[in-house]
Amino acid sequence: MYIFKKNSLRHFNALNNFKKKNFSLLGNAEVPGDKSISQRALIIGLASIGQTVIKGILDSEDVYYTLKAVEALGAKVDINKNKKTLTVKGVGLGNLKSPKKPIYMGNSGTGTRLLIGLVAGSNATVTFYGDESLSNRPMDRIINPLKKMGAIFIFSEEKKLPITVIGARKKGFTMPIRYKSPVSSAQIKSAIILAGLTAKGTTQIEEPFKSRNYTEVMLKKCGVHINSKISKKHINIITVSGTSYLKNCNFNVPSDPSSALFIVVACLITRGSKVKVKNILYDSMRLKVFKILKKMGGIININKTSVDTCEIIAEHSILKNITLNKSDTTPLIDEFPALSIAAACGKGKMIMKGLGELRYKESDRFKSISEGLRNAGVQVNTIEDDMEIIGTRKVLGGNTVVAQNDHRIAMSFNLLSLFSEKPIKVIGNESISSSFPRFFSTLKSLKK
Ligand code: S3P
């Protein structure tokens with residue numbers, strides 16, 4: 001189920017008929033709204049007083065479940081199907097409703113972790129649960145700091161969903177903390193920031209490298225005193241002051257660079273192709289993957305079209321693999337599956353270091369990528385958290401990949417199937433509805 005349209009299985013026809021004759025991908029492609037910004041717009045709308053109008057929201061399953069959760073926590077959401085806008089009437093900070101029933105979050109890690117943070121700073125009691133993939137993802141990384149802020153958690157021994165959160169303000173108040181996160185994670189950082197909004201004083205978070213910062217930027221727009229600075233050792237230090245209310249403001253959601261990447265990689269690996277994707281979020285961190293592909297010889301042009309958007313034009317290219325160190329790979333957390341496919345079709349050895357966090361995504365992506373590529377006949381070597389992919393012009397294919405509820409794994413191996421000699425069968429294409437429901441129809445519309 002989505003927000004504006006009903007889910008339709010027709011979108012999930014795989015690309016096997018692409019194989020029947022030679023084809024190129026040509027034309028303009030539309031990519032849906034950014035997933036991170038869409039979910040934050042809903043959550044911040046819930047925590048504000050007054051109305052938040054959201055334009056360009058991603059119409060996908062993850063966002064749908066976050067929207068349903070925001071409603072269950074007290075917001076009133078009006079959907080304008082013609083204008084494709086949403087209006088969220090918020091309940092204000094700390095006034096969240098305690099729903100009678102547990103809230104189902106589907107596959108959405110971002111929605112779940114951010115809402116757990118918001119509830120942790122409230123006076124509500126909420127139980128969250130999710131699908132099989134989300135139920136296997138670590139939650140201790142947010143539970144530990146949020147407990148220090150006064151929230152109470154009820155969970156199984158493994159500290160995974162289902163989890164009940166009793167907000168810190170149920171029995172007392174939200175404590176400001178100083179927290180050094182062992183990993184750079186926008187979800188951990190955002191959960192603490194959202195809880196810190198109701199704290200008496202200033203909460204400080206440190207992360208080893210800067211992760212995406214939409215929570216900080218969007219809250220600042222709503223009048224929150226939130227600042228960040230980067231130390232000489234690249235440590236990102238964020239401070240947020242507790243406040244009594246969030247000024248309501250409207251959000252425009254540009255298209256998602258991580259979804260655009262799948263179209264760009266499809267174009268780079270398919271002979272005779274040239275594609276333009278428009279209205280993409282202009283954020284140097286999220287665009288870094290395109291710079292890496294350019295360094296590999298990808299013919300890619302990025303043209304800025306407004307303060308926060310750009311268009312990306314890509315052409316079929318012969319890619320030459322390179323080495324990426326940990327500092328290069330940290331901001332590419334969502335981009336590895338597609339980048340690995342580009343590397344498998346490139347020339348030479350691609351070395352990618354420091355990929356440990358890939359194990360904690362919608363699936364263990366380190367394993368899904370290495371196994372899926374090996375089964376398709378690509379040589380992959382792994383040493384601890386590093387991966388080497390030996391590119392080849394002849395990817396055999398003919399294998400089956402089980403997507404394990406991981407949209408990016410499903411899309412990636414569908415892309416490799418465009419290039420491989422025999423088709424690759426992907427089981428679990430429905431997972432693509434988390435972020436890019438029109439993935440197949442978009443590629444089909446470009447097929448010439
Ligand atoms: C996201 C943060 C990232 C990313 C995820 C979206 C967010 O995870 O992988 O798809 O919107 O906060 P991290 O928590 O590892 O940064």
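Sequence positions, counted from 1, serve as the residue numbers for this chain. Hydrogens, waters and symmetry mates play no part in the numbers below; they use all other heavy atoms, side chains included. Indexing begins at 1, ligand by ligand and atom by atom, following the structure's order.
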Using only heavy-atom distances, determine whether the side chains of T110 and Q187 contain a donor-acceptor pair under 3.5 Å. yes

For E206 and S181, test the side chains for any donor-to-acceptor distance below 3.5 angstrom and give the result as yes or no. no

Within 45° cone of Y282 ring axis and under 6.0 Å: K304 NZ or CZ: yes

Determine, using ring centers only, whether F436 and F262 are less than 6.0 Å apart. no

Who's touching ligand 1 if we go heavy atoms under 4.0 Å? S36, R40, T110, S185, A186, Q187, R212, I333, D334, K361, R408

Between S441 and R438 (side chain of the first, backbone of the second, donor and acceptor by atom type, cut-off under 3.5 Å), is there such a pair? yes

Parallel, tilted or perpendicular, judged at 30° and 60°: which one describes the rings of F209 and H234? parallel

